[in-house]
Amino acid sequence: MTDAASSPPAASASPAAAPTFQHFIAGEWCASASGATFESRNPADTRDVVGRFQLGTAADVAMAIKAAETAGPMWRRTPAPKRGEILYAFAQLMGEHKERLARAMTREMGKVLSEARGDVQEGIDIAYLMAGEGRRMFGDTVPSELPDKWAMSIRQPIGVAGIITPWNFPMAIPCWKMMPALVTGNTVVFKPASDTPHCATLLVELMVEAGFPPGVVNLVTGTGAEVGDAIVGSPDVGVISFTGSSATGRSIAATAGAKLKRLSLELGGKNGVVVLADADLDLATDGILWSAFGTTGQRCTAASRVIVDRSVQDALLARLEARTRTLTLGSGLDASVDVGPLINAGAVDKVASYVDIGDREATLVVGGARAIGGELDHGHFFQPTIFAGVGAMDRIGQEEIFGPVLSVIPVDGYGEAMLALNQTRYGLSSSIFTQDVNTAFRAMRDFETGIVYVNAGTTGAETHLPFGGWKETGNGHREAGHVALDTYTEWKSIYVDFSGRLQRAQIDNQ
Ligand code: NDP
């Protein structure tokens, strides 16, 4: 560990001048035991190096877990309202620094600035919500079945929480996990995605400023295979919260399951929008484009399937195609840009490979190629793409592409639409456009997803409701809302018998 007091100042454009950032362990910014670092680059212009970050090791993780364990007793005995006050201060700081954070996010992961501001705002919202939990965190106080006996239940922290996050919401998702973990009295070891370590560092800097005591929050950057694996495998980490791909989620679940460890998983999605014959097609077009191409299709709630009644298919496709052709690609820091880059070269290759599959399965309407020319040549850009005539079970209609590719699936009537919508192994978000209130209520009942929208796209969750998916999108846990506390707490039921005699439940009250 070095004696550096804080992480380095603002990042630089030149690789030579790019600053080096550090882990944060036991209240100190420090270098990795490996002595090695890795780069984070701007996906809209890969000549722009955001910074160099510590290539963490299992030894770094062990130090971070030790620090979190050491801070645990002090933090769990800190009254929950006091813990909440620190979350409140963090929310305020995020608000004060919102523009700086949003610009740093756009630079590091590419989403357009208005969406980056939304990402920061989600972090602020969850911090305020969870600050309030410091004064709620309700348990039950219930009548006992026996006289002169008191019965109640309380929540208690699990211990050390391992927080492993993806790059697509690089501030919102860490806050969605860390805020409920911390307010309930857990301490944290945080491993961000290797594509967005700067966003994570900026968050932790503000957490330090807000007053989280040393050891309560620890940041270790580095690969999933080394740092992530060491967190998941440690017997001293009691709960893991992970958002990322289904493949990684499965492997984490196998390790955590063998250790009977608490695990919250938010995984892949293949979200559908149903457009019925009576839909407002202009409104549906707005909702679909926002959901399909916002964040360049890299949201877990992104719409990648449109299930449309055959009678309005041509009218909807004409609107979607015309509007898609007007979208401007480029750096998200440019206010005239609608769609930013994909996260990295691997993502461009993956999207291109699915477009090849789509060319064999369906009819290309618009897009379908890497976006090149001028400044785009320096980034990871792909044209917003629409396929028509897709079958509900076709690969492009089934597999998560995580890019700007939309499949339009024709059906006849609500019954077929509902079946097609549910024919996926994922179940995060869905939506329906209809003017018929009865059909809307059928959809709210029938759609097998954790989130259902009526007359809106599939994105835009609010932090005070549960967030998460059915089926292979997760393992039943939810983020956000008061139910987020369930991931990070153990229940304790407490009975106080003040009768002064032995009273046996289920026996002496018969
Ligand atoms: P990954 O699963 O590749 O990575 C997610 C995180 O896990 C990263 O921090 C990664 O580290 C880490 N990791 C990788 N391997 C391991 C391992 N063996 N053990 C522990 N940690 C590991 O996902 P992406 O970053 O590519 O994110 C995109 C995916 O996330 C999409 O599939 C998307 O659907 C899903 N997602 C789901 C959401 C939801 O709420 N359901 C929300 C947002 C995204 P490193 O970066 O170093 O590889």
Side-chain angles (χ1 to χ4, degrees), residues 38-40 43 53-58 61 108-109 111 119 122 162-177 189-200 219-234 237 240-256 261 263-271 295-304 342-344 346-347 350-351 399-403 424-429 449-451 458-459 461 463 466-480 484 487:
F38 65 97
E39 277 178 358
S40 174
F53 296 84
Q54 301 302 312
L55 189 63
T57 63
V61 172
E108 188 171 44
M109 65 70 64
K111 68 173 73 172
D119 191 313
E122 275 192 57
I163 305 294
I164 302 177
T165 57
W167 44 265
N168 64 340
F169 281 80
M171 295 200 187
I173 290 177
C175 290
W176 279 34
K177 295 179 186 306
V189 176
F190 169 28
K191 182 243 167 307
S194 294
D195 283 306
T196 50
H198 188 225
C199 289
L219 169 72
V220 183
T221 52
T223 66
E226 173 86 15
V227 175
D229 200 52
I231 293 172
V232 175
S234 168
V237 174
I240 302 287
S241 182
F242 169 82
T243 298
S245 62
S246 296
T248 308
R250 272 203 183 81
S251 107
I252 289 177
T255 307
K261 194 174 281 204
L263 172 65
S264 168
L265 297 173
E266 288 297 335
L267 308 175
K270 191 74 186 176
N271 310 293
T295 316
T296 323
Q298 301 170 110
R299 293 176 179 139
C300 48
T301 55
S304 50
L342 288 163
I343 186 68
N344 53 36
K350 180 177 175 190
V351 171
E399 297 175 20
E400 186 181 49
I401 302 172
F402 225 56
T424 100
R425 50 202 180 92
Y426 299 113
L428 183 55
S429 186
T449 54
I451 304 166
T458 52
T459 63
T463 55
F467 180 93
W470 292 23
K471 302 192 273 189
E472 292 186 25
T473 290
N475 63 344
H477 285 278
R478 289 291 181 271
E479 306 212 79
T487 297

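This is a predicted model, so every value here is computed, not measured. First listed ligand is number 1; within each ligand, the first listed atom is number 1. Just so you know, residue 1 is the first one in the sequence shown, and it goes up from there.
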Looking only at protein heavy atoms, what sits closest to atom 46 (O) of ligand 1 is Ser194 N, 2.8 Å

Within 4.0 Å of some non-hydrogen atom of Gly228, the atoms of ligand 1 are 19 (N), 20 (C), 21 (N)

With sequence neighbours left out, the residues meeting side chain to side chain donor-acceptor pair (under 3.5 Å) with Asp119 are Lys111

For atom 34 (O) of ligand 1, the closest protein heavy atom turns out to be Glu400 OE2, 2.6 Å

shortest atom 17 (C) of ligand 1-to-protein heavy-atom contact is with Gly224 O, 3.5 Å

Contact region, Ile164 to ligand 1, non-hydrogen atoms below 4.0 Å, reads side chain

The option among Phe467, Trp176, Phe402 carrying the non-hydrogen atom nearest to atom 28 (C) of ligand 1 is Phe402

Heavy-atom proximity to atom 5 (C) of ligand 1, picking from Thr243, Asp195, Thr248, points to Thr243

Logged contact type for Val227 with ligand 1, heavy-atom cut-off 4.0 Å, is neither

- Under 4.0 Å between a Lys/Arg side-chain N and an Asp/Glu carboxylate O for Arg250 and Glu472? yes

Of all protein heavy atoms, the one nearest atom 35 (C) of ligand 1 is Gly244 O, 3.1 Å

Looking only at protein heavy atoms, what sits closest to atom 11 (O) of ligand 1 is Lys191 NZ, 3.1 Å

Thr223 heavy atoms within 4.0 Å reach ligand 1 at atoms 47 (O)

closest protein heavy atom to atom 41 (N) of ligand 1 is Leu267 O, 2.7 Å

Lys270 and Glu399 have their tightest heavy-atom pair at NZ-O, 2.7 Å

Looking only at heavy atoms, the pair that brings Gly233 and Lys261 closest together is C-NZ, 4.2 Å

Going by the 4.0 angstrom heavy-atom rule, the piece of Gln298 near ligand 1 is neither

Within the 4.0 Å heavy-atom cut-off, what Pro192 brings close to ligand 1 is backbone

Q.
With a 4.0 Å cut-off on heavy atoms, is Gly469 in contact with ligand 1?
A. no

Ligand 1 to Asp229, heavy atom cutoff 4.0 Å, flagged ligand atoms 19 (N), 20 (C)

Tightest non-hydrogen contact, residues Pro197 and Thr221, listed as CB-CG2, 4.0 Å

Quick look: Ile173 vs ligand 1, heavy-atom contacts under 4.0 Å, and the answer is side chain

min-distance protein heavy atom vs atom 8 (C) of ligand 1 -> Thr165 O, 3.3 Å

re atom 24 (P) of ligand 1, the protein heavy-atom contact at minimum distance is Trp167 NE1, 3.5 Å

So the atoms of ligand 1 within less than 4.0 Å of a heavy atom of Gly222 turn out to be 47 (O)

| said: Taking distance alone, with N or O pairs closer than 3.5 Å, would you say Ser245 contacts ligand 1? | reply: yes

Exercise for the section: Would you check the N or O atoms of Phe242, main chain and side chain alike, for any that come under 3.5 Å of an N or O of ligand 1? Expected result: no

